[in-house]
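Below: the structure, in structure tokens.
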Protein chains: 2
Amino acid sequence: MNRMTGPSGAQSVDRALLLLRLVGPRGEDGASLVDLVTASGLEKPTVRRLLMALMRSRLIEQDPATRHYHLGEECYVLGALASPRHGLLEIAADAVARLARDSGDTAFVTMRRGSFAICLHRQEGSYPIRTHALTAGAQHPLGVGAGSLAMLAALPDAEVEAVLADISPHLPADYPDYAPHILRADIERTRARGHALNPGRIVAGSWGIGVALRRGDGTVAGALSLAAVESRMQPPREAELAALLAREAAEVETRLRRERP
Amino acid sequence: MNRMTGPSGAQSVDRALLLLRLVGPRGEDGASLVDLVTASGLEKPTVRRLLMALMRSRLIEQDPATRHYHLGEECYVLGALASPRHGLLEIAADAVARLARDSGDTAFVTMRRGSFAICLHRQEGSYPIRTHALTAGAQHPLGVGAGSLAMLAALPDAEVEAVLADISPHLPADYPDYAPHILRADIERTRARGHALNPGRIVAGSWGIGVALRRGDGTVAGALSLAAVESRMQPPREAELAALLAREAAEVETRLRRERP
DNA sequence: GTCATCCGGTTCATATGGTGGACCTCAACT
DNA sequence: AGTTGAGGTCCACCATATGAACCGGATGAC
């Protein structure tokens, strides 16, 4: 039985790369075999065979003690080779460091990944109360979270609709406080204000503020954002943080244009 | 007909990842379909189907104008997620920048990739005559080139023999000036001197000098190296460059220990 | 102008290689 | 010493990858 819209050919490659994407966000702890079986929906022998193939290429490595699977050296090598073309973190790293230092809160760089946003890097500030709602490698649908919403609002309307159509099925189950009509209103407010605000919509009390990063041609490269407890993101501090973000976003956008005109 | 030692299962995954590794070093120009057919030894439809699978996962992208294939955004994302575990470039970037600035020559960070060395990053110095014998993504067998030889010489003898056995078949065809007995002598000299020297063995007139980087547990993390024209690497300058390298290597090794004790 | 060549890309009958239910082994708890 | 759940493997079956032959376009030689 053929899926009409399904991928054609090399299915095991798709499955292997699905596993790779599942291991990515697991961070320091890695992923166990059953984790991956559950998350992927594949059978155990299949997962194991694919992991062995990924391990042969060093894209995945297995901790001999815990038996957990982690991203391998080859992922890092490929990333280094891809960075002249796609490197956002290299370009934005200084800006994120300044954001964390100047605000005292936690700063993030986020990239678009299809209809989702993925957090590339997280830099903690000095303020003692820190939200851990967003960690490196975590991904949410576009519009869910401050940096993520900033990117969605920066897309042309046609693309916004395509993204909403893509993510709508997932929203109710995973993000009860979100729905397409709420996202559309969020986009309006974001465009009017010039920055995106997440008023504790994912984790109560954990607020976020973000701005999009655009390339020279106007396309969205990613977003910068800050997270803090609710009390640190009320007016007038919200406006101060927005100004900080705008300043750093301008700096990053200048560097983006310089790199790839 | 089964290969006795061959990989078992998920062959198309191996082939897809072979293509990924072939696209990596092509840098800015990318790779054409025929390039990849030739380099991989696979049939054209097979290569195309695997590339389409890689493109579905955004590990590869195709330039619509040139039709050439490049590393995709997903490679970069995976690299960013793997860098807390494997990030050598982040740790060594400042040291490489100082090396290029202080010496005026071109500086490199290299990593081990099985029996080969792969160049992660290249930083040009101010001196107007620059060798382009080594670029980011290029790989040579361990022992071929200065940084590469520094790594080989830093391995335990048993591992050196395993590497030599692995690469010996390839040497005569691709590197006429190298052979196992020459590499063994090079290793001796490197261990005695404390640094590796490549006296224009790959490209005449293009000399290199390198030192290994060791982790806290003594294993080899990579190498730092410098390349210059022959006249800039004679005594006493050779000793000066070796001292520069030793200083920066010590700095990097300190940071390596701090990151992952 | 046309014939030859090379490139990127696709088709479809064939058979290779991937799949997954059943199974093994080991360690940690009852 | 029995039970659970983890990691890992086996092998008969049939879904899926393979590759010779093909298309269509671009370039260029004469």
Side-chain angles (χ1 to χ4, degrees), chain A residues 1-23 26-72, chain B residues 1-23 26-72:
Chain A
M1 189 189 293
N2 277 340
R3 297 285 308 109
M4 306 220 66
T5 54
S8 56
Q11 299 193 16
S12 57
V13 177
D14 292 293
R15 292 172 171 188
L17 300 179
L18 167 63
L19 291 176
L20 199 55
R21 282 193 302 275
L22 291 174
V23 172
R26 303 306 290 259
E28 194 157 354
D29 299 335
S32 71
L33 185 56
V34 274
D35 283 347
L36 294 172
V37 169
T38 310
S40 67
L42 301 172
E43 298 296 331
K44 193 164 50 160
T46 302
V47 170
R48 173 73 179 153
R49 253 179 301 109
L50 295 174
L51 285 171
M52 302 236 287
L54 291 167
M55 289 166 71
R56 260 177 255 138
S57 304
R58 299 173 193 272
L59 283 170
I60 290 280
E61 59 190 31
Q62 186 174 25
D63 184 311
T66 64
R67 315 255 78 193
H68 281 25
Y69 301 89
H70 301 261
L71 291 184
Chain B
M1 189 190 294
N2 279 338
R3 297 284 308 109
M4 305 219 67
T5 53
S8 57
Q11 298 193 17
S12 56
V13 177
D14 292 297
R15 291 172 171 187
L17 301 178
L18 167 63
L19 291 176
L20 200 55
R21 281 194 301 277
L22 291 174
V23 172
R26 304 304 290 258
E28 193 156 357
D29 298 335
S32 72
L33 184 57
V34 274
D35 284 347
L36 294 172
V37 170
T38 310
S40 67
L42 301 172
E43 297 295 329
K44 192 163 49 160
T46 301
V47 171
R48 173 72 180 153
R49 253 178 301 108
L50 295 174
L51 285 171
M52 302 235 288
L54 292 168
M55 288 167 70
R56 260 178 255 138
S57 304
R58 297 172 194 271
L59 283 170
I60 291 279
E61 60 191 30
Q62 186 174 25
D63 184 311
T66 64
R67 315 256 79 194
H68 279 28
Y69 301 89
H70 300 261
L71 291 184

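Letters go in sequence order (proteins before strands), and every chain restarts at 1.
Under the 4.5 Å side-chain criterion, counting only non-hydrogen atoms from C-beta, Glu43(B) is in contact with Thr46(B). For the pair Val47(A)/Leu50(A), no side-chain contact is recorded, criterion being any heavy-atom separation below 4.5 Å from C-beta on. Side-chain contact between Leu42(B) and Leu36(B) is absent, with no heavy atoms from C-beta onward closer than 4.5 Å. A 4.5 Å side-chain heavy-atom check between Val13(A) and Leu17(A) finds at least one atom pair inside the cut-off.
Remark: Thr38(A) pairs with no residue by the side-chain hydrogen bond (donor to acceptor under 3.5 Å, both in side chains) rule, at least two apart or across chains.
We find that CG of Leu50(B) is positioned 13 Å from C1' of dG19(D), with the value rounded to whole Å. One atom, CE of Met52(A), and another, C1' of dT9(D), lie 9 Å apart when rounded to the nearest Å.
For dA17(D), neither phosphate oxygen OP1 nor OP2 lies less than 4.0 angstrom from any side-chain nitrogen or oxygen of Ser12(B). For dG7(D), the OP1/OP2 oxygens have no side-chain nitrogen or oxygen of Arg67(A) closer than 4.0 Å. The phosphate of dT10(C) (OP1 or OP2) has a side-chain N or O of Arg48(B) nearer than 4.0 angstrom. Taking only side-chain nitrogens and oxygens, Gln11(B) never comes nearer than 4.0 Å to OP1 or OP2 of dT16(D). Contact check, Arg49(B) against dT16(D): no side-chain N or O comes under 4.0 Å of OP1 or OP2.
Remark on the helix from dG1(C)-dC30(D) to dT30(C)-dA1(D): inter-end axis angle 30°, axes from five-pair C1' superpositions, rounded to 10°.
Judged purely by atom type and a 3.5 angstrom limit, Gln62(A) uses its side chain to pair as donor or acceptor with the backbone of Arg67(A).
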Exercise. How does protein reach along nucleotides 24-30 of chain C, written 5' to 3' as B (base within reach of a heavy atom under 4.0 Å), S (only sugar-phosphate), or - (no contact)?
Worked result: -------
